[in-house]
Amino acid sequence: MWLLLLVALGLIFLYRWYKYSLILDNLTDKYVFITGCDSGFGKLLAKQLDKRGLKVLAACLTEMGAENLKKEASSRLQTTILNVTNTESVSSAAKWVNDIVSDQGLWGLVNNAGVSVPTAPNEWLTKDDFKKILDVNLLGVIDVTLNMLPLIRRAHGRVVNVSSIAGRVVICGGGYCLSKYGVESFSDSLRREMIPFGVKVSIIEPGYFRTGMCDPNHFLENVKRCWEKSPDEVRKTYGQAFFERYYQGVAKGLSMTNKNLNMVTECMEHALTAVYPKTRYSAGWDAKLFFLPLSYCPAVVVDFLLIRRPI
Ligand SMILES: *[C@@H]1O[C@H](CO)[C@@H](O)[C@H](O)[C@H]1NC(C)=O
Ligand SMILES: *[C@@H]1O[C@H](CO)[C@@H](O)[C@H](O)[C@H]1NC(C)=O
Ligand SMILES: *[C@@H]1O[C@H](CO)[C@@H](O)[C@H](O)[C@H]1NC(C)=O
């Protein structure tokens, strides 16, 4: 009986391993557009896919980011400047891509550009602080996706969105988790809408990784700024001691971030090059072993682990 079960499990495992190991032919014909290639996951993925022979169209926020990337890649890779919060910039990038790919269409779109500051307890923030993050991480992603979809449909291609484990468990106040929940919820609707067109969509959910977005100094500076500009009443209620403990806690968390960005870009590469891409990829041990299980726990458990009380 047990043996039978074990054999069945083994066969399922083997089947899944085989299914997900199948890679597409003709990768070198395919165009992939990636946002946020100045640093972090975007830059690494651009170089990785370029090495595999795909035709990478890399969008960077800054000229300097684009120049640096070009130096490290082959002449196949082309760059453009894109500010995802600016509608004209997005539509001109879409036009640039259209001119390059023409009838062949765009094989892959990777929505990677993202920001994580300002993040702090909700009461230390203003509506504008939320807006800053939502503009990039949610509305920017929607705008880029809508502009590129006609090109992707033409190639029966793929959309890969970078969400976060914060799209499963809310780990902090501010717009960051909101934006990632938004990306997750849109993804499910788009995935179903695109199946009839032969377009596949995947979400990547990384845990904590050391990217430009999680640069400790920049992040901590923002926490401090939010605290200092919050109303007197709020500062008095929480108290300086709470702020200091919160700040130290964040600093400690940031120092433990995973530096192995490959874990994430390998998921992205699989989503773009496998015959059967997965719907969701969780990347990093913290995501797999802690946050994902936590997302299935009752609220009391999650609350117990995540509550911070004023001192
Ligand atoms: C791959 O490219 C070759 C030559 O260009 C072509 O004959 C073949 O049909 C292509 N295969 C696929 C799956 O597109
Ligand atoms: C991006 O565009 C927005 C809206 O047009 C603008 O406010 C912002 O300064 C731009 N960012 C950069 C880095 O150019
Ligand atoms: C990606 O995000 C955009 C905007 O949130 C959404 O329209 C789309 O459905 C998402 N796709 C995937 C695969 O997550």
Side-chain angles (χ1 to χ4, degrees), residues 32-47 56-73 77-100 106 109-120 124-151 159-164 166 174-183 186 206 209-226 228-229 254 261:
V32 174
F33 181 77
I34 310 168
T35 68
C37 290
D38 302 75
S39 63
F41 300 137
K43 184 173 185 190
L44 191 63
L45 181 69
K47 291 196 296 187
V56 176
L57 308 174
C60 298
L61 180 61
T62 63
E63 290 285 350
M64 204 176 79
E67 287 308 314
N68 286 340
L69 176 59
K70 261 198 207 134
K71 271 184 224 145
E72 297 174 35
L77 181 141
Q78 302 180 62
T79 58
T80 188
I81 302 301
L82 169 65
N83 175 348
V84 299
T85 61
N86 184 321
T87 312
E88 285 100 66
S89 173
V90 170
S91 61
S92 74
K95 201 171 156 303
W96 177 76
V97 174
N98 189 26
D99 291 345
I100 294 174
L106 181 63
L109 161 64
V110 182
N111 281 311
N112 163 71
V115 293
S116 65
V117 293
T119 287
W124 305 1
L125 302 171
T126 59
K127 178 182 163 190
D128 256 354
D129 292 330
F130 283 80
K131 194 164 173 300
K132 264 183 213 151
I133 295 191
L134 291 174
D135 270 348
V136 180
N137 291 9
L138 185 56
L139 296 175
V141 171
I142 293 176
D143 201 14
V144 173
T145 307
L146 292 179
N147 274 274
M148 297 290 177
L149 270 181
L151 304 176
V159 182
V160 179
N161 278 349
V162 181
S163 173
S164 162
Y176 186 73
C177 299
L178 286 188
S179 72
K180 295 305 184 182
Y181 265 72
V183 168
F186 271 107
F209 280 87
R210 174 69 62 86
T211 60
M213 208 174 79
C214 272
D215 172 57
N217 294 330
H218 184 54
F219 198 95
L220 288 169
E221 225 168 71
N222 262 278
V223 170
K224 192 151 173 250
R225 198 180 51 80
C226 291
E228 280 164 0
K229 77 174 171 49
L254 289 171
L261 304 190

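Both ligands and their constituent atoms are indexed starting at 1 by order of listing.
Scanning the protein for heavy atoms near atom 8 (C) of ligand 2, the closest one is Asn83 ND2, 3.7 Å. Of all protein heavy atoms, the one closest to atom 13 (C) of ligand 2 is Leu61 CD1, 3.9 Å. Protein heavy atom nearest atom 5 (O) of ligand 2, with residue, atom name and distance: Asn86 ND2, 3.3 Å.
Listed by number with element, the atoms of ligand 2 under 4.0 angstrom from any heavy atom of Thr85 are 1 (C), 2 (O), 3 (C), 4 (C).
Only one option out of Val56, Asn111, Leu57 pairs with Ile34 in a side chain to side chain contact (heavy atoms under 4.5 Å, CB included); it is Val56. Of the residues listed (Leu149, Asn147, Val159), the one engaging Leu109 in a side chain to side chain contact (heavy atoms under 4.5 Å, CB included) is Val159, and it is the only one.
For atom 2 (O) of ligand 2, a protein heavy-atom neighbour is found at a distance under 4.0 Å.
Atom NZ of Lys229 is surrounded by more than 12 heavy atoms from other residues, nucleotides or ligands within 6.0 Å.
The shortest side-chain heavy-atom distance between Val84 and Val141 does not fall under the 4.5 Å cut-off.
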Inset, instruction - Verify side chain to side chain donor-acceptor pair (under 3.5 Å) between Thr85 and Asp135, making sure each step is shown before the conclusion. - result: CA-CA 6 Å; Thr85 61; Asp135 270 348; over 6 Å; no
